[in-house]
Amino acid sequence: MSSVAELLLATLEDLLEVDLKTFKWRLTQDVLEGFPHIPVSQLENADRLDITNTMVETYGPEGAVKISLEILRKMNQNQLSDRLKNQYNEGETTEAAVQDKLKSYLKKKYGCIYEGTSKEGDFIYLDQIYTELHVIEGAWGGVRDEHEVIHLESRTPATGETTIEANNIFKPRPDQKKPIRTGLTLGIAGVGKTVSVQKFIHDWAEGKENQDIDFIFPLPFCKINSNIGEKDCSLIELLHQFFTVMVPVKTLGEGSKVLFIFDGLDESRLPLNFNSKVLTDDTKPASLDQLITNLITGELLPSALIWITSRPAAANQIPRQHIHQWTEVQGFNDQQKEKYFTKKISDKNLASRIINHVKSSRSLHIMCHIPVFCWILATVLEKLFDEAGSGDLPKTLTETYLHFLIFQTDRMRAKGNSVGSDNIVLKLGELAFHQLEKGYLIFYEEDLTECGIGVRKASVYSGLCTEIFKVEGRTSQKTVFSFVHLSIQECLAAVYVFLTFINCNKNPLVQQNSSFLRKLRKHQPMMNLLKSAVDKALKSKNGHLDLFLRFLLGLSLESNQTLLQGLLTQTGSSSQTNEEIVEYIKMKIRKNPSPERCINLFHCLSELNDHSLVKEIQTYLSSGSLSAAKLSPALFSALVFVLLTSEEELDVFDLKKYFRSEEGLLRMLPVVKASRTALLNQCNLSKRCCKALGTALISSHLKELDLSGNDLQDLGVKLLSAGLQSPQCKLVTLKLSGCQVTEEGCAALASALRSNPSHLRELDLSYNDPGDSGVELLYAIREDPHCKLEKLNVDHGRRCRLKSGPQKYACDLTLDPNTAHRTLSLSEENRKVEWTWREQPCSDHPERFEDYEQVLCREGLTGCCYWEVELSGRACIAVTYIGISRRGKGPDSRLGANDKSWNLNSFYDSYSARHNYKRTDIPVPTSRSNRVGVYLDWPAGTLSFYSVSSDTLTHLHTFHSTFTEPVYPGFYVGGDTGTVTLCQVE
Ligand SMILES: Nc1ncnc2c1ncn2[C@@H]1O[C@H](COP(=O)(O)OP(=O)(O)OP(=O)(O)O)[C@@H](O)[C@H]1O
């Protein structure tokens, strides 16, 4: 079947030259209402093919046919006109024709973005403003399924994640084993999910991308919500309702490749019951919920592709087994932020001033990774830079949005609309709040009227609230409204709640008190309002009040209230209220709500400028409430965002206070980069993270990096050295103690220091196995006059340092005969002690244990140390401060019975641990062995005991303490058969 263009061309070819001239002339006139004429210049030298193309481009395929028919009618070319009409009607029902029509409909619909700012009803071409976004492919967190593991493997080691272009979401990848049917894209509010979807659709409709897909059906949740409660319909009827061009299609069947896009799951009001009745026929009526869930599960149209987007808090409405691919829109990276401002602001000079301003404020710069914030900020700064002496520029989320509201109300005022007495901000706020409470983002004329807003005036508010589309529901034709962006609705709702409370002493968040009760409780404290908002937001399942809460708390700060002057009759907060609400939020965090809710509460603390925020996050994470593996990339981004925008100094970043994992480190790299000292020691890191760390060394201000106690090996050190060798790396101290480094790693470090000799002053390579040649290489570098290296530590180098786990810290111990009780006999060069019946001939020594059968080692230990002992009979293994008493039968001189010593008691087939007389019984492991390993991490304050059998360590017990002086290993060796032997660990 011919395309529309072919039909038109065939018609024009049948016109005589003289008739063609008339046809052309008619095209330059107003032929049909609603269709523009074509300028004469465009048709001057046009041949038949040019005319065809120009008509299709100007009017679209359908319009071009309409115009042609009209002109032919006027020219009395009835035969040609009938033929075109018949052929067109025949062809209209073919799949190609329907696809053409769908494409031209979507091209028009998705080609523009509504920004409603500078001019009324301002639509901007998508291509004019669209800036590439950072989208990653990643896991959802929690238990990983087989599919996710595949993706994890494909992650680049540099960032731990794979970047993906939105247009490629459904394109097969080289490592992919199964086709991707259902994709879920997560992202925080305003990060660009809808715009990504829009770009995907537009590029398809323009014929640029994903042309293997035959039909795309965008069904945003906010739009299909309006069908809830209507009578059952089939999937095909639903499509006919939303896409009238689909009417000729009676079923989709299996023949064509179809993509359904469900944008904004967080806006869904459907119950989404995945156990609903199975539906396999697209012509069979069912409830809306059934249609959607069966599409997602693949019961209905199994070969259709499904793309869902959601804010993270609402994503768990879909069971994970139905999702084949997770992606996350992370917003703009640093270059993309600049690109956005350059594209958005036409005045290049102003754009670069704005970019410089954004770069000068850490929190603004970080927040600009969210596109909607960039847009609001660009609008606000454009205006403020324009006004001479504009005063302080906004720095926080609430401040920026309030400036935006003020800017919009000023615009309304300028148009002669009353903003004060008739208070439009309050009216719009009321509308925003009532709709948000119900979870509605789209509303009708009657909703506006209810809040005292006349529809006629709606265009006046086009910067804030806008009419967006007309056809709605299958039974009604209604005008539908929404706010320009959901975040603006959330901000206006908060302003309304706040103003109503301050000006009228009413709390819209709780059931209305009767006016009598209200009078009785005049002047309720602000704290009541804020508490009720926190409680209500925490109760929401999909987090629909999260951003609203942040705005409301932001408004409780006096500094932000000054921006609302003119709307407020008094200010409404005191520093006491702030302290109280901060404490209330912290109490809620400790009650351990879901990670999503919790991170929003951190955001709230940040909005309240709370200075203990970082500590609060550390306490929350180190309590083990949340492991790095359970936190989704989206939540990690949110956490990093909170940390980076916090008011607190991030000078020292200690990973142990958050997580001890590689996943944790890779996700928190932006925080590492923002710090001067990064303590990453003993965090279970491997060579996998070294490439990313090497890159971070070049692009950060890090001065000290401690990676001690991680099994990085030579390969890890080489990857790290790649960053170290760059002159941009300004690292002063590098600690790689106990990292399994050999001569090869030392050579890489030496070569890096030769390339970049002027910064590093301290290098700790103790507890590795550098060998003589490795040590020589590094000493030779230190002798180089250009090299600034002052402190080089290669102590305790041994082969056993290449082991993983605590055994790498093996140390040599010897018993001190001067401390041994008289019944203890030492042998094997003071490495063995046994109990004897007969007292040993020995001198009186002040350090000798007089009353308990105990002995100490000579070595006082600090740092990380590991030793093993072979026990038989009754014996205890302990560590003690040197000051333990040596006389008397009391607890002061008994190992484990006082606050100076910690011990593990081994008594035939039982174990117990004791410190300061507190006893913990320890279950005996199934593979009981007489060998016990002891690992002391003195700086971290841990002392661990293990049962050792054929090189395998089974954990018995760990003491947690704060050691304040060196500790000495010691033993109790009891009656009859007690023996302890210090073993060689290699
Ligand atoms: N890639 C982009 N290029 C330019 N501007 C963008 C881009 N992405 C988003 N924006 C701007 O940010 C605004 C918000 O983006 P969008 O609606 O896509 O966010 P969202 O993630 O869907 O948010 P929500 O979860 O709140 O619905 C857009 O209206 C647009 O002004």
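These numbers come from the heavy atoms of this one structure, side chains and all, not from hydrogens, waters or symmetry mates. Indexing begins at 1, ligand by ligand and atom by atom, following the structure's order. Starting from 1, each residue takes its place in the sequence as its number.
In this pair, F274 and H322 present their aromatic rings parallel. The plane angle is below 30°, not in the 30 to 60° band.
The shortest N/O to N/O separation between Y130 and ligand 1 does not fall below 3.5 Å. Residue contacts with ligand 1: D266 is placed with no nitrogen or oxygen under 3.5 Å of a nitrogen or oxygen of the ligand (distance criterion only). Between I113 and ligand 1, a contact under 3.5 Å exists for no N or O pair. For ligand 1, the polar-atom distance check finds no N/O of S196 at less than 3.5 Å from any of the ligand's N/O atoms.
In this structure, the side-chain contact (heavy atoms from CB on, under 4.5 Å) partners of D334, at least two apart in sequence or on a different chain, are K337, H365.
Between the CZ atom of R269 and the CG atom of N225 there is a distance of 4.5 Å, given to the nearest 0.5 Å.
For R311, every heavy-atom contact with ligand 1 shorter than 4.0 Å involves the side chain, none the backbone. For E132, no heavy-atom contact with ligand 1 is shorter than 4.0 Å.
Considering each of A166, P371, G190, C374, the one bringing a non-hydrogen atom nearest atom 6 (C) of ligand 1 is P371. For the residues L265, V195, T185, the heavy atom positioned nearest atom 28 (C) of ligand 1 is part of V195.
Judged by the 6.0 Å and 45° rule, K383 forms no cation-pi pair with F407.
Between F243 and F217, the ring center distance clears the sub-6.0 Å criterion.
For ligand 1, the atoms sitting less than 4.0 Å from at least one non-hydrogen atom of A189 are 23 (O), 25 (O), 26 (O), numbered in the order shown with element in parentheses. The atoms of ligand 1 that sit less than 4.0 Å from any heavy atom of L133 are 1 (N). Atom numbering of ligand 1 starts at 1 in the shown order; those under 4.0 Å from a heavy atom of V372 are 12 (O), 13 (C), 14 (C).
Heavy-atom minimum distance, I296 versus R181: O-NH1, 3.2 Å.
Residue E267 places a heavy atom less than 4.0 Å from ligand 1.
At distances below 3.5 Å, at least one donor-acceptor pair connects side-chain atoms of N600 with backbone N or O atoms of D546.
For residues 396-406, every residue pair satisfying the side chain to side chain donor-acceptor pair (under 3.5 Å) rule, not counting sequence neighbours, is listed here: T396-E399, T398-E607, Y401-S487.
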